[in-house]
Amino acid sequence: MIIELGHFSLILALGLALCLTLLPAWGVQTRNLMLMRSAESLATGLFVLLALSFGALSYGFLTDDFSVNYIANNSNTALPVNFKLSAVWGAHEGSFLLWTLVLGGWTFAVAVFSRALTLDMRARVLSVLGVLAVGFILFMLLTSNPFERSLPVYPAEGSDLNPLLQDFGLIVHPPMLYAGYVGFAVPFAFAVATLWSGRLDSAWARWSRPWTNIAWACLTLGIALGSWWAYYELGWGGWWFWDAVENASFMPWLVGTALMHSLASTEKRGVFKRWTVLLAIAAFSLSLLGGFLVRSGVLTSVHAFAQDPERGMYILIFLIMVIGGSLSLYAVRAQGIGGGATFTWRSREALLLVNNLLLVVAMGAVLLGTLYPLAYEAATGGDKLSVGPPYFSAVFVPIVLLLFAFMAVSPQSRWKDTRQINLSRQLIYLIVAMLAVAAITWLLDAFVLQVVLINAIAVWMVINLADDLIRRVRQKRDRLMALVRQPVSYYGMLLGHGGIVVSLIGICCTVYYSEERDVRMVPGDVLTMSGYEFEFRQMRRVPGPNYMADQGEFVITSAGRTIATLYPEKRQYRAGGQVMTEADMDPSVFRDLYVALGEPVGENAWAVRVHVKPFVRWIWVGGLIMACGGVLAVTGRRYRLARGRELPARTVAASA
Amino acid sequence: MSLNKSLLIPLGVFIGLVILLALGFGLRDPHFLPSQLIDKPFPQFSLAELSDPDRTITTDDINGQVSIVNVWATWCAACLVEHPELLRISREEGIRVIGVNYNDESVKARAWLARHGNPYAFTIVDDAGRLAIDLGVYGAPETFLVDATGVIRYRHVGAVTPEIWQNTLAPAIALLKGDPS
């Protein structure tokens, strides 16, 4: 019964989404204030219905209602309760319901938090979000209904959630990622609404910035969580695989990063208006494209979503309508919009333009690598080919290093070119950074040229950020007060860029200093590696709630001191019979010790994989810092003021 | 105001992308999950037989004639759905159907077959799921078409329905019987 209520709510939500699409838009065309105002209550209703629908499915999972196909396929009575709840989004149908719920949430948030917008603008934005909701809900009802039952014959027991997904990482990773993906729908809606109204001014950039940054922060966290999850759960010790699905999340992130910076230029200086609109459309389009690639079966990937031609066709048509429609609107409406203010080639505007171009080129490189196999298959008529990490390292890394070089000097730049970047000073900074890193690595007996060069860029960035901060407070009498008085958004920038530095150091050190050994061990064996002794004490059988595990015990010592005892497992899940490797690790700031069990090889002997991974935690901590920076950058006073005041739809003068 | 043609570039790029995606899409037969094992020999194994645990089945027992190898379990609902069709195939079509009892308890499995009928010439007991892993099984039921030389020719994921038999398996078997290469 509850399930039917959920199903019914979803159908009602479709009705409301249709109203949300049409009524406010009609109100805008006919200047009917009441219809325009209806957008807010329609958005609220849409969110409530989607939440009810989601709650009903969760209830079905909690009560083990295996007459529902989706629940029977993804749950089991023995599944722990927290995983029963996260199993709601463990496969295609439910995760799409979550995706739609997140869109409902963003739509509701726009309705609530953008009361400062003019009525017609708000009606337009919500109407655009309504179109997207119609598309998503219709997709679910037509091709991937999570509420479908298999009556009268239904299984007594569910076939269990994919064991890979029975993990804390999966509880938090998809909601975060979706909040990011779908969050880009808001700047998209703002961009489309602006094109639709024909008033492409700086004001829309100001409205879009907070939404863009928060969506970007969610996406950053989502990607970092996914990477962390892959690291500890897949058992290979890898943290990024250039898998099609990872790329699908990384491309909107790159464009979203460009969008954040471009929006800042548009808001403050009125430049790059067309380009910013285009980026807003592109960021969300890439999110949708990611959805298409993951769910249609066009590309095969480690992320096993149920794949179905009907779904692929639907998403493709939806993509054509949404992206094609918005780009056509862009082609027609962006005519005659000027570039705005002028700037010189050493100004902040110019640096941001370079940043944008490099980010878009980097995205293009990833897109090419992701779609090339598809193009190859189409051209040769079926031959399969896979573009692996070598391509991405060769193409992506140089672009990004160049980007970092521009990023390093960026804090020294000013809008409009009020101060020239002192190139000789920059050269000195770079040399100082290089010498410092070289000296440290030399002392630690870890000198690798690439590490020195890459980490020198990281240190160079830090020097410039610090230099800028010092400059801002040096002349002030009360320096502490001056530090506090800096705008919050400035600290957001510092954190955002600082997060990149942390991640960069983490990636570089992990790539160059990791040690990895695959060995055959029997209990009693000791492996010595990177100054650590890994002693294989014993194996035992340990039952879990829905699996049976072979658990190894490894005691790690260094110079006679016990560092940690690790218990890696090989689990066999009862319902599906899948065998999973559960690695165990001893994390710390400067290195992770990682032990994973491979296959049993003969009497008592096991294939054991041991990693020592320096600085690997920095990769994700950097992501966390970046996300905080992204949020902080838009929680400044300026945005609170902007909210309190009714913003007329006119060009807002550059405020800084 | 002159028309700025550069504004059409993004739309053009997108149309190119759509054509590519549509092409990639049309090429794929979605019910055919790509398997590493297609046109490869059936994996080596040596496991007990369900009704006669003293008997050991090996890869050699698979060879010799075109067979359908069906991975099933008592906990699998869809297996019960496809069961009548498998019974019909083994009785009426004269095709040997081999069972792989996957991650199951043999006592239950024997009772299940006694109750619902046994379409299998013999059933391999894969209680540890090793063979299923070698076969790359995603979940039960899965059905493999193996030719007389023991080479896997086709893989079907999900229940074997009369339509699947009619449209896919039967033509493929006819082809294999006519042309044993």
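Scope of the values below: all heavy atoms of this structure, side chains included, with no hydrogens, waters or symmetry mates.
- Distance check: I320(A) CD1 to I15(B) CD1 gives 9.5 Å after rounding to the nearest 0.5 Å.
- To the nearest 0.5 Å, atoms OG (S326(A)) and CZ (F14(B)) are separated by 7.5 Å.
- Interface summary for chain B: among A282(A), S285(A), G324(A), the most heavy-atom pairs under 4.5 angstrom belong to G324(A).
- Each of I323(A), L278(A), I281(A) was evaluated against P10(B); a single residue qualifies, L278(A), per the side-chain contact (heavy atoms from CB on, under 4.5 Å) test.
- In R115(B), the CZ atom is not crowded: 12 or fewer heavy atoms of neighbouring residues, nucleotides or ligands sit closer than 6.0 Å.
- Minimum heavy-atom separation, A331(A) to L8(B): CB-CD2, 3.5 Å.
- In this structure, no portion of I9(B) lies under 4.5 Å from any heavy atom of chain A.
- At a threshold of 4.5 Å between non-hydrogen side-chain atoms, the residues L327(A) and V13(B) do not count as touching.
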